[in-house]
Peer 1: 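Dropping the structure in here first, questions after.
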Amino acid sequence: MSKNTPQAIRGTQDIFGADAEAFAFVVETFERVRKLYRFRRVEMPVFEKTEVFSRAIGETTDVVSKEMYSFEDRGGESLTLRPEFTAGIARAFLTNGWQQHAPLKVATHGPLFRYERPQKGRYRQFHQIDAEIIGAAEPQADVELLAMADQVIRELGIQGVTLHLNTLGDGETRSAWRAALIDYFGVVKGELSEDSQERLEKNPLRILDSKDPRDRKFVADAPKIDTFLSDEAQAFFEAVTNGLDAAGVKWVRAESLVRGLDYYRHTAFEFIPDEGSEAASKLGSQSTILGGGRYDGLMESLGGAPTPAVGWAAGIERLAMLVGGPEVSFDPTPVLAVIPDSPSMRAEADRIAAHLRSLSSGDYYIWSAFKQHGRKLADKAKNDGVDAILFVRDVPDVDDRLHLTNVSAPSEEAMREMFYVLARLPAPYRALSGEN
RNA sequence: GCGAUCGUAGCUCAGUUGGUUAGAGCGCCGGUUUGUGGUACCGGAGGUCGCGGGUUCGAACCCCGUCGAUCGCCCCA
């Protein structure tokens, strides 16, 4: 690499090859499932006014206080590259009058930006798939949203991942619980880890899932959310769990699952790889694959009318790490290479390739390359994983012009399939010779 | 923001206690090969050893700094 070539920005990725295939597979699967559940597609701006995020997510959260890519535009306005989807979608809901469509089910995917130290499964520009139900207070909305998340993960073929579920109660429940936790941990503050002493000020709920053994011994006897739950909040959570059972979505209760952002109420959840599973080892130290919850207070923080809503987002890179390695093929469609035997047959081969492409209904793909011919090109095609090769020979007899060789599946059936493809060619290409 | 490990060809990596002209495989380019299915054969190009400084007769190798990568902490998807 020349020292004169600029390098990529830290924490960004140039996704290529098998990784890019896995990425596309995740997005395509999500699109299919989202249509199945009739979530409407939305496209959102990649940047917003900074206050959209600072007001919605909460000034004291790590995301807002130290992880945002914020900058002034030429008019002196503070803008921010979106660190998540929910705040922007909430803003759009309010500014575009989407109330008229409530309850509104929307889905999107795209890049997000967080100024963090990159590591496995975590980047400064990363990508999420996202689903939201806005304007529905019913626990059935939570259930459907979670069933959809569960289906996405299953259709991706991901094993060993479990839904961890908790309730944070309503606003009053959450503040009462928070106050009790501050009291409880405040007494033993000196014995807590340095991180948790700080968390006591900023986000006491987070002490509950600290990994530090100094904190862990106090966590077991910490005040439980269930004691503070109002009757309504309790009933809501039960309705959600009953609905999940009815829908056949497996879940476990995770009492210490709190989510980092201020806007969560009631349902909070994460899909997490099971301890010791293959999925867990593929993810490195990242554990959450998909996370979300109910955010009934968010619209008000943006100056809108109280509007109940639930949503989730999942990291595409993290999902892609779990859907298989280079050996996994995401598309079984057969690939036919069209190869000129000699330079003189180049134009003829190109014509045949063009014919075959225009005749394809997506049941096969045509491979071609722009230089070389004969054996050398055939070797390249095989390396690229083509299933069959059609040689275009320079012979006087048109009937001998096309020669088919099956590469990947030596079965007669596969060979017949390829002959069937070639049968669609117009004259004078009808005849051909080949093996099997 | 903190810590650990690592930067040699396009890629993956060798490179002895510091010692002549820094190597291999793959890929790439050219030639031969008319093709049985990720193993044909011959030849070739390609590297200021991340960058800067220092030690030394001599540095890819030792020291300092810097940038980057990887992994972990924090936090999150």
Side-chain angles (χ1 to χ4, degrees), chain A residues 1-3 5-13 16-17 26 57 61-67 83-86 109 111-130 149 193-196 198-199 202-203 206 209-212 258-261 270-272 283-292 311-322 326-327 337 339-342 345 371-395 400 403-411 414-415 433-436:
Chain A
M1 176 180 61
S2 166
K3 64 183 173 185
T5 304
Q7 37 194 323
I9 302 301
R10 164 170 241 191
T12 63
Q13 324 167 71
F16 176 79
V26 170
I57 300 171
T61 59
D62 279 22
V63 170
V64 171
S65 63
K66 54 187 200 194
E67 294 174 2
E84 60 148 50
F85 279 115
T86 305
H109 85 271
L112 302 161
F113 304 85
R114 248 117 98 160
Y115 193 89
E116 293 184 277
R117 196 76 179 267
Q119 56 182 272
K120 188 171 192 168
R122 169 206 250 165
Y123 308 94
R124 287 186 171 180
Q125 177 179 333
F126 60 106
H127 303 79
Q128 289 184 342
I129 52 178
D130 181 278
S193 67
E194 295 76 17
D195 283 335
S196 282
E198 199 164 317
R199 284 193 271 244
K202 287 168 52 188
N203 200 343
R206 289 233 76 98
D209 60 0
S210 166
K211 291 169 197 157
D212 196 303
V258 297
R259 306 230 353 121
L261 313 181
E270 293 179 356
F271 282 77
I272 300 175
L283 280 173
S285 71
Q286 319 306 329
S287 56
T288 305
I289 247 179
L290 180 154
W312 59 253
I316 297 176
E317 289 89 345
R318 291 185 187 176
L319 292 169
M321 283 190 275
L322 302 183
E327 73 283 359
I339 294 178
D341 223 16
S342 58
M345 298 312 284
K371 345 182 354 182
Q372 298 177 322
H373 53 88
R375 175 63 176 264
K376 213 153 240 188
L377 241 197
D379 283 346
K380 195 169 291 202
K382 288 175 197 171
N383 263 324
D384 279 1
V386 306
D387 297 288
I389 296 173
L390 183 69
F391 289 99
V392 182
R393 298 150 134 179
D394 189 4
V395 290
D400 281 335
H403 179 91
L404 184 67
T405 298
N406 198 323
V407 175
S408 68
S411 74
M415 205 61 192
S433 59
E435 288 93 12
N436 295 15

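Letters A, B, ... mirror the listed sequences (proteins, then strands); counts begin at 1.
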Peer 1: With both distances under 3.5 angstrom, what nucleotide forms a Watson-Crick or G-U wobble pair with B:G30?
Peer 2: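 Checking every strand shown, B:G30 finds its partner in B:C42, with both distances under 3.5 Å.
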
Peer 1: Report the distance from atom CG of A:L283 to atom C1' of B:C75, rounded to the nearest whole Å.
Peer 2: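 Result: 16 Å.
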
Peer 1: Counting only N and O atoms by type, is there a donor-acceptor contact under 3.5 Å from the side chain of A:R393 to the main-chain atoms of A:D341?
Peer 2: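 Not confirmed, A:R393 side chain does not pair with A:D341 backbone.
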
Peer 1: Considering just the side-chain nitrogens and oxygens of A:R10, establish if one lies under 4.0 Å of OP1 or OP2 belonging to B:A69.
Peer 2: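 For B:A69, OP1/OP2 do have a side-chain N/O of A:R10 under 4.0 Å.
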
Peer 1: Starting at CG of A:L390 and ending at C1' of B:G37, how long is that distance when rounded to a whole Å?
Peer 2: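 Nearest whole value for this atom pair: 15 Å.
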
Peer 1: Which part of the nucleic acid, if any, lies within reach of A:G284 when heavy atoms closer than 4.0 Å are counted: base, sugar-phosphate only, or nothing?
Peer 2: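 Sugar-phosphate: the residue A:G284, judged by heavy atoms under 4.0 Å, touches backbone atoms but no base.
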
Peer 1: Out of B:G35, B:A77, B:G3, which has the shortest distance to the side chain of A:R318?
Peer 2: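 Taking heavy atoms from C-beta onward, the closest nucleotide is B:A77.
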
Peer 1: How many Å lie between CG on A:D130 and P on B:C76, as a whole number?
Peer 2: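 Computing the A:D130:CG to B:C76:P distance gives 17 Å.
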
Peer 1: What's A:Y123 touching, base or sugar-phosphate or nothing? Going by heavy atoms closer than 4.0 Å.
Peer 2: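 The residue A:Y123 makes base contact.
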
Peer 1: By the 4.0 Å heavy-atom rule, please label A:E116 as base, sugar-phosphate, or nothing.
Peer 2: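 A:E116: base contact, heavy atoms under 4.0 Å.
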
Peer 1: To the nearest 0.5 Å, what is the distance between CG (A:L283) and CZ (A:R318)?
Peer 2: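 So the gap between those two atoms works out to 7.0 Å.
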
Peer 1: How many whole angstroms separate atom CZ of A:R124 from atom P of B:U70?
Peer 2: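 So the two atoms are 11 Å apart, to the nearest Å.
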
Peer 1: Check whether any side-chain N or O of A:Q128 sits under 4.0 Å from OP1 or OP2 of B:A77, and answer yes or no.
Peer 2: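 Answer no for this pair, as no side-chain N or O of A:Q128 is under 4.0 Å from OP1 or OP2.
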
Peer 1: For A:G291, which contact category applies under a 4.0 Å heavy-atom criterion: base, sugar-phosphate, or nothing?
Peer 2: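 Contact class for A:G291: sugar-phosphate only.
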
Peer 1: In this structure, how many angstroms lie between the C1' atom of B:C74 and the CZ atom of A:R117, rounded?
Peer 2: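 After rounding, the gap between these two atoms is 12 Å.
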
Peer 1: Between atom CD1 in A:I272 and atom C1' in B:C75, what is the gap in whole Å?
Peer 2: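 About 14 Å, once rounded to whole Å.
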
Peer 1: Could you check A:D379 against A:V258 and say which one's nearest nucleotide on RNA chain B is further toward the 5' end?
Peer 2: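 Per heavy-atom nearest nucleotide, the more 5' residue is A:D379.
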
Peer 1: Output the single nucleotide from B:A77, B:C74, B:G3 whose closest atom is nearest the side chain of A:D195.
Peer 2: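 When the side chain of A:D195 is considered, B:C74 is the closest of B:A77, B:C74, B:G3.
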
Peer 1: Counting side-chain heavy atoms from C-beta on, which of B:C76, B:G72, B:C75 comes nearest to A:R122?
Peer 2: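 Nearest nucleotide to the side chain: B:C75.
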
Peer 1: Hey, which of these two, A:P118 or A:R199, hits RNA chain B nearer its 5' end, going by closest nucleotide?
Peer 2: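 Counting from the 5' end, the first nearest nucleotide belongs to A:P118.
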
Peer 1: Just to confirm, is there a sub-4.0 Å distance from OP1 or OP2 of B:C75 to any side-chain nitrogen or oxygen of A:R259?
Peer 2: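 It does not, given that no N or O in the side chain of A:R259 lies less than 4.0 Å from OP1 or OP2 of B:C75.
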
Peer 1: From the options B:C2, B:G37, B:U33, select the nucleotide whose nearest atom is closest to the side chain of A:R375.
Peer 2: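 Given the options B:C2, B:G37, B:U33, the side chain of A:R375 is closest to B:U33.
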
Peer 1: So what does A:G292 touch, heavy atoms closer than 4.0 Å: a base, only the sugar-phosphate, or nothing?
Peer 2: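 No contact.
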
Peer 1: With both distances under 3.5 Å as the test, what is the Watson-Crick or G-U wobble partner of B:C75?
Peer 2: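 Base partner found: none.
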
Peer 1: So which nucleotide does B:U70 pair with, by the Watson-Crick or G-U wobble rule with both distances under 3.5 Å?
Peer 2: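 The base-pairing partner of B:U70, which may sit in any strand shown, is B:A4.
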
Peer 1: List the steps, then state whether side chain to side chain contact (heavy atoms under 4.5 Å, CB included) holds for A:K120 with A:E317.
Peer 2: CA-CA 10 Å; A:K120 188 171 192 168; A:E317 289 89 345; over 6 Å; no

Peer 1: B:G72 P sits how many Å from A:Q119 CD, rounded?
Peer 2: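 Going from A:Q119 (CD) to B:G72 (P), I get 5 Å.
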
Peer 1: A:R393 has a side chain; which of B:U34, B:A77, B:C29 sits nearest to it?
Peer 2: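 That would be B:U34.
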
Peer 1: Is the phosphate of B:G72, meaning OP1 or OP2, less than 4.0 Å from a side-chain N or O of A:S285?
Peer 2: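 Looking at the OP1 and OP2 atoms of B:G72, one of them is under 4.0 Å from a side-chain N or O of A:S285.
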
Peer 1: With rounding to the closest Å, how many angstrom separate the C1' atoms on B:A4 and B:C57?
Peer 2: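 It comes out at 37 Å once rounded to the nearest Å.
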
Peer 1: Nearest to the A:D341 side chain among B:C76, B:G1, B:G35, which nucleotide is it?
Peer 2: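 That would be B:G35.
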
Peer 1: Return no unless some side-chain N or O of A:K376 is found under 4.0 Å from OP1 or OP2 of B:U34.
Peer 2: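 For A:K376, the contact criterion (side-chain N or O under 4.0 Å from OP1 or OP2 of B:U34) is not met.
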
